[in-house]
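First the structure, which I've put down as structure tokens, then a few questions once you've had a look.
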Amino acid sequence: MFKRIKESEKLQRFRELWDDPKTHSIMVLVFWLIFMAVLIIFVRLTAVSNVSSNTTVTKATNFDSIKSYEFSYVQGSNELNGKVHDDSILFILNNHRYYYHNDVYLINGDTGVKQNLDLGWLKINTKMLNNLLGGLTGADINDYTQYVVPLDRFINLYEIDTDADLTKAMTYNILLNVYKKDGEINKVVLDITNYRIFRFNDNKPYVLTLYFYNINEVNDFTKGFDKIVGGK
């Protein structure tokens with residue numbers, strides 16, 4: 001077997017080319033390029049492997065860990081959709097696009113007009129929910145965790161800096177259910193019927209559902225809109 005290899009025409013031809021000064025340098029260069037290509041591929045594959053093994057995906061197991069998300073608020077037949085990045089909100093209302101950052105602006109093309117618009121449901125965001133549930137212990141029920149939240153706490157966070165006497169509100173509660181999928185928050189259901197009774201003497205059941213999508217995966221959309229509304 002070794003003799004056949006030794007006597008192979010291809011091997012003999014290779015030796016002739018290798019011994020020829022004219023082709024020797026070219027062959028050395030080709031081998032060097034092949035070696036470098038293999039080395040580069042190996043390094044890249046190793047780097048990708050290290051990144052994959054060292055990257056930890058943090059799930060949104062609590063509201064404090066949610067910095068950006070898309071959302072849908074649903075109450076009865078009413079629905080409000082949009083997305084959040086830090087303290088800024090982009091949302092659709094009555095087929096119009098609005099941007100919130102300190103104030104609310106109606107966006108029309110490349111212009112933004114300041115609006116006197118109550119944020120309503122949009123005030124129930126992840127930061128408010130995180131403060132709302134602070135120090136409370138929930139009860140696990142089926143596929144959700146239920147929290148009993150004092151109504152005066154809800155009013156203070158929802159209405160913000162209210163001067164109203166909330167003594168009577170201390171006798172009421174609201175229910176807040178937090179749902180998770182694969183360990184990550186994906187839905188919140190708030191029964192704020194008692195809030196409606198206390199504030200508006202409206203005793204009809206009032207349940208608001210907040211759905212979360214693409215948590216911490218929403219690109220920063222604020223720069224373009226800040227330029228529109230800030231005129232910079």
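Side-chain atoms are counted along with the backbone in the values below, which use heavy atoms only and exclude waters and symmetry mates.
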CD1-OH distance between Ile174 and Tyr147, expressed to the nearest 0.5 angstrom: 13.5 Å

Donor-acceptor contact present, side-chain Asn216 to main-chain Ser65, <3.5 Å: yes

Heavy atoms from other residues, nucleotides or ligands near CG of Asn78 exceed 12 (cutoff 6.0 Å): yes

Please report the interatomic distance CG(Asp103) to CG(Leu117), rounded to the nearest 0.5 Å. 11.0 Å

For Asp86 and Thr222, run side-chain contact (heavy atoms from CB on, under 4.5 Å): C-alpha distance rounded to whole Å, both residues' side-chain angles, the deciding distance at 0.1 Å, then the answer. CA-CA 9 Å; Asp86 290 334; Thr222 61; over 6 Å; no

First locate atom CZ of Phe221, then atom CG of Leu90, and finally report the distance between them rounded to the nearest 0.5 Å. 5.5 Å

Within the 4.5 Å heavy-atom criterion, are Leu133 and Val178 side-chain neighbours or not? yes

Measuring from Asp152:CG to Leu157:CG, what's the distance to the nearest 0.5 Å? 10.0 Å

Same cluster or not: Met170 versus Tyr158, using hydrophobic residues (I, L, V, M, F, W, Y) connected whenever any side-chain heavy atoms lie under 4.5 Å apart? no

Hydrophobic cluster partners of Val207 (side-chain heavy atoms under 4.5 Å): Ile141, Tyr144, Tyr179, Val189

If we ignore hydrogens and angles and just use 3.5 Å, is the side chain of Thr193 paired with the main-chain N or O of Tyr206 as donor and acceptor? yes

Joint hydrophobic cluster, Ile89 plus Leu106, side-chain heavy atoms closer than 4.5 Å: yes

Distance-only criterion, 3.5 Å: show the donor-acceptor pairs between side-chain atoms of residues 109-116 and protein atoms not counting sequence neighbours.
residue	atom	partner	partner atom	Å
Thr111	OG1	Asn108	O	2.8
Gln115	NE2	Val113	O	3.1

Student check: side-chain heavy atoms of Phe198 and Ile155 closer than 4.5 Å: yes

Full working for side-chain contact (heavy atoms from CB on, under 4.5 Å) between Leu122 and Leu80: CA-CA 9 Å; Leu122 295 173; Leu80 180 63; 3.7 Å; yes

Can you tell if the side chain of His101 reaches within under 4.5 Å of the side chain of Phe225, non-hydrogen atoms only? no

Looking only at atom types and distance, does a side-chain atom of Lys187 sit under 3.5 Å from a main-chain N or O of Lys180, one as donor and one as acceptor? no

Would Phe212 and Met128 show up in the same hydrophobic cluster when neighbours are defined by side-chain heavy atoms closer than 4.5 Å? yes

Centre-to-centre under 6.0 Å for Tyr195 and Phe154, is that the case here? yes

Run through Leu119, Leu176, Leu129 and flag the one making a side chain to side chain contact (heavy atoms under 4.5 Å, CB included) with Ile124. Leu129

Just checking Asn219: does its CG atom have more than 12 heavy atoms from other residues, nucleotides or ligands closer to it than 6.0 angstrom? no

Tell me whether Arg196 contacts the main-chain N or O of Lys204 through its side chain, where contact means a donor paired with an acceptor under 3.5 Å. no

Let me check something: any side-chain donor-acceptor pairs from residues 92-100 under 3.5 Å, sequence neighbours excluded? List them with distances.
residue	atom	partner	partner atom	Å
Tyr99	OH	Ser88	OG	3.4
Tyr99	OH	Asp226	OD1	2.6

Using links of under 4.5 Å between side-chain heavy atoms of ILVMFWY residues, direct or through other members, which residues join Tyr213 in one cluster? Val74, Tyr211

Correct closest heavy-atom pair for Arg199 and Leu166 would be NH2-CD2, 4.0 Å

Does the side chain of Arg153 reach to within under 4.5 Å of the side chain of Leu132, using non-hydrogen atoms? yes

Do any pairs count as a side-chain hydrogen bond (donor to acceptor under 3.5 Å, both in side chains) and have a residue in residues 67-77, sequence neighbours left out, and if so which ones? Glu70-Asn214, Ser72-Asn81

Minimum-distance pair of heavy atoms, taken over all atoms of Asn194 and Asn173: ND2-O, 2.7 Å

Considering only heavy atoms from C-beta outward, does the side chain of Val218 approach that of Val84 to under 4.5 Å? no

Should Val148 and Phe63 be regarded as members of a common hydrophobic cluster, given that ILVMFWY residues are connected when their side-chain heavy atoms come within less than 4.5 Å of each other, either directly or indirectly? no

Rounded at 0.5 Å granularity, tell me how far CG in Asn62 sits from CD in Glu184. 10.5 Å

Under 3.5 Å: donor-acceptor pair, side chain of Asn130, backbone of Thr126: no

Residue pairs passing the ring-ring contact (aromatic ring centres under 6.0 Å, His included) test with at least one member in residues 103-136, sequence neighbours excluded, are none

Could you tell me whether Lys123 and Asp118 have a side-chain N and a carboxylate O separated by less than 4.0 Å? yes

First locate atom CD1 of Ile228, then atom NZ of Lys223, and finally report the distance between them rounded to the nearest 0.5 Å. 15.0 Å

